[in-house]
J.: 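Dropping a structure here in structure tokens format, bear with me for questions.
Chain letters run A, B, ... following the sequence lines, proteins first and then strands; every chain starts at 1.
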Amino acid sequence: MSDTSESTGDAEADAADGADTSAVDAEEVRHVADLARVRLADDEVETFADQFGDILGYFEALDEVPETEREEELVNVMRPDDVKSGLTQEEALSNAEETEDGYFVGPKVS
Amino acid sequence: MATDYNLFITEATIDGDADAEGPLADATVAVKDNISTEGVRTTCGSEMLADYVPPYSATVVDRLIDAGATVVGKTNMDEFGMGTTTETSAFGPTRNPADPERVPGGSSGGSAAAVAAGEADLALGSDTGGSVRCPAAFCGVVGIKPTYGLVSRYGLVAYANSLEQIGPIAGSVEEAAAALDVIAGPDPNDGTTRDLSEVEGADPDASYAAAADGDVDGLTVGVPTELFDGADERVVETVEAAIADLEAQGAETTEISLPSVEHAVQAYYVIAMAEASSNLARFDGVRYGNRAESDGNWNESFAETREEGFGAEVKRRILLGTYALSAGYHDKYYEKAQDARAWVRRDFEEAFADVDVIASPTMPVLPFELGESLDDPLRMYLADANTTPVNLANLPAISVPAGEADGLPVGLQLVGPKFDEETVIRAASAVEER
């Protein structure tokens, strides 16, 4: 159940304790957390691996859903491109942790 | 207040228009803390936004104030709306005024509890998978989840856009309906709102408060077996007694089947988590929100900010949503969930060819004890079995008190066809008149 080939080997060994049919291993949890830019503590990784196994196992039942035609009544909502006032620069920056000369200051790039 | 229910994250007053006339003049309203209030911090129940002060108000807040209602505070909630008990809040759990050892339901638990405790006449909640109806049921008050597109979400901090609506909570059906009259209607700032004069079959002159007339003579009520199976017996008995009373008032009941709803919780969580993983990507600590002290680069700083700012349930949903959308799993989870959503929608459409409203328990369980479900997320998700189908199908629904079981409130849910809020309000008002 791994989406990258390099995470299969060690990962399956990690998940050996209490593994069931839909087990998720710690490597996979770390990989997804990395994609989502969420750092996790080691104990959190273990807890999530167990819980994700249960939850994804429950989602397996979606396999029984028949392919269904999706007739959405969706329409584009358009409006004239009129200029309207928005937030002032001061308002837009008011919640930023760090600003400089009217700009947001972000973390270093590398 | 004898017991501290932890109703509000921030107590602050925003005065209503003193010259306004109408049912909301001089009313007090409690606003869920994911609905923006200009100058009053809006935390979403999260450490991430503990100091966030919106520079503008949500459309619904402006409309309530213009109608004369005064905001009395920002209510506690599950973090970013992710929960069924209001225990995932970074500001501690809210207690249920009906029984302080139990949860008020969620995620709009502070809003429903504020009304139940008499701290506000009205409240606003948001309902993505039941978050207005669940706490209304658990606290013994009325909550309305409007049809998708009836109420503006401008200023609502987004969790899962394709599912959520803002809805009113009040002590009676008529009061909740009067609040809906004020907040409903198109908004140029929310392109998903609809102008009812352009919606086939909808009544552009609908008066929701006037619909609370208790007249159910000749109304056909569908009773879906799937939404009673597996529910707590005490809940089923209470709800069946309320439905029997509707029959005594001239309504006709008929058993119906909605086979697709067996997959609603699965489909709901896959879609909601997928949308959450995308929506919550904006919280990186740069433009707003708390930022971790980090020496790392851009990616490391974001990851540390999000580790510190988000609680466990929010992380769980972001990660599972990312997983469900990732290469190799997208078709297995997300595509199948969209099929299930279309199936649920079709099931309801077919049912409404024969019935006017559909009745069921709002929640299949009585209010949990505090702490009971916190370590078992799947158990908490399964409690949403009866509310999530409504969001998947974009329909209007109401939870109205059906009575009590073991001294705890039980809610009856009534679901109607798209933009037919009047019929669910009418039927609900008959439930409370009995």
Side-chain angles (χ1 to χ4, degrees), chain A residues 1-4 24 28-29 31-41 44 47-48 51-52 54-79 84 86-88 90-99 104-110, chain B residues 51-56 188 191-192 260 262-263 265-267 269-270 277 281 284-291 294 296-304 306-307 310 312 315-316 318-324 326-329 332-333 336-343 346 376-378 381-382:
Chain A
M1 235 185 123
S2 189
D3 62 337
T4 52
V24 176
E28 279 179 297
V29 172
H31 175 63
V32 173
D34 193 43
L35 290 176
R37 306 288 187 274
V38 178
R39 201 173 71 172
L40 297 178
E44 218 169 6
T47 309
F48 280 179
Q51 291 171 340
F52 289 6
D54 290 348
I55 294 165
L56 292 168
Y58 174 64
F59 290 169
E60 290 288 318
L62 285 169
D63 282 346
E64 299 156 13
V65 173
E67 205 169 301
T68 308
E69 199 181 326
R70 303 178 201 161
E71 328 139 8
E72 296 265 17
E73 309 156 35
L74 298 178
V75 286
N76 281 323
V77 178
M78 308 296 274
R79 59 170 172 76
K84 288 182 188 160
L87 297 180
T88 62
E90 194 186 339
E91 285 168 338
L93 293 171
S94 62
N95 279 286
E97 194 108 336
E98 197 182 349
T99 63
F104 297 110
V105 176
K108 61 188 179 194
V109 174
S110 59
Chain B
D51 306 309
Y52 174 69
V53 180
Y56 62 94
T192 63
S260 63
E262 308 280 3
H263 294 287
V265 172
Q266 300 139 28
Y269 275 96
V270 169
S277 74
D284 55 21
V286 176
R287 290 156 297 165
Y288 34 69
N290 290 334
R291 189 197 292 190
S294 170
N297 66 26
W298 196 273
N299 285 325
E300 290 156 355
S301 168
F302 287 178
E304 286 167 44
R306 290 156 67 79
E307 176 188 30
F310 293 143
K315 288 175 186 165
R316 228 171 350 251
I318 290 174
L319 265 50
L320 283 166
T322 304
Y323 183 86
S326 64
Y329 295 112
K332 178 177 171 59
Y333 295 111
K336 293 309 284 185
Q338 294 295 352
D339 278 334
R341 183 174 192 171
W343 185 19
R346 200 185 62 195
D376 188 352
L378 184 55
Y381 301 168
L382 292 172

J.: Given a strict heavy-atom distance threshold of 4.5 Å, which part of B/Glu300 is in contact with chain A: side chain, backbone, both, or neither?
T.: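 When you check distances to chain A, no heavy atom of B/Glu300 falls under 4.5 Å.
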J.: Between B/Ala340 and chain A, which part of the residue has a heavy atom less than 4.5 Å away: side chain, backbone, both or neither?
T.: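 Backbone plus side chain of B/Ala340, per the 4.5 Å heavy-atom cut-off to chain A.
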J.: Do you know which of B/Val53, B/Asn290, B/Leu320, B/Val265 has the most heavy-atom pairs under 4.5 Å to chain A?
T.: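 It is B/Leu320.
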J.: Going by the angle between their ring planes, with limits at 30° and 60°, are B/Tyr329 and B/Tyr323 parallel, tilted or perpendicular?
T.: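 B/Tyr329 vs B/Tyr323 ring planes: parallel.
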J.: Using the salt bridge (charged side-chain N to carboxylate O under 4.0 Å, His left out) criterion, which residues pair with A/Glu97? Sequence neighbours excluded.
T.: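 With sequence neighbours excluded, A/Glu97 shows a salt bridge (charged side-chain N to carboxylate O under 4.0 Å, His left out) to no residue whatsoever.
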J.: Report which part of A/Glu69 has an atom under 4.5 Å of a heavy atom belonging to chain B: side chain, backbone, both, or neither.
T.: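 Looking at A/Glu69, just its backbone touches chain B.
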J.: Please flag which part of A/Leu87 lies under 4.5 Å from any non-hydrogen atom of chain B: side chain, backbone, both or neither.
T.: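 Just its side chain gets close to chain B.
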J.: With only heavy atoms counted, which part of B/Arg341 is less than 4.5 Å from chain A, the side chain, the backbone, both or neither?
T.: neither
J.: If the condition is salt bridge (charged side-chain N to carboxylate O under 4.0 Å, His left out), which residues does B/Glu304 pass it with, not counting sequence neighbours?
T.: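 Partners of B/Glu304 under the salt bridge (charged side-chain N to carboxylate O under 4.0 Å, His left out) test: A/Arg39.
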J.: In plain terms, say whether B/Lys315 and A/Glu44 are close enough for a salt bridge, that is, a side-chain N and a carboxylate O under 4.0 Å apart.
T.: yes
J.: So which part of B/Asp284 gets closer than 4.5 Å to some heavy atom of chain A, the side chain, the backbone, both or neither?
T.: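 No part of B/Asp284 comes within 4.5 Å of chain A.
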J.: For A/Arg70 and B/Gln338, test the side chains for any donor-to-acceptor distance below 3.5 angstrom and give the result as yes or no.
T.: no
J.: Parallel, tilted or perpendicular: which describes the rings of A/Phe59 and B/Tyr333, with under 30° parallel and over 60° perpendicular?
T.: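 Perpendicular.
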J.: Please look at A/Val77 and chain B and tell me whether the side chain, the backbone, both or neither of the residue comes under 4.5 angstrom of a heavy atom of that chain.
T.: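 Looking at A/Val77, just its side chain touches chain B.
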J.: Below 4.5 Å, heavy-atom pairs only: which of B/Leu378, B/Leu319, B/Thr322 has the largest tally toward chain A?
T.: B/Leu319
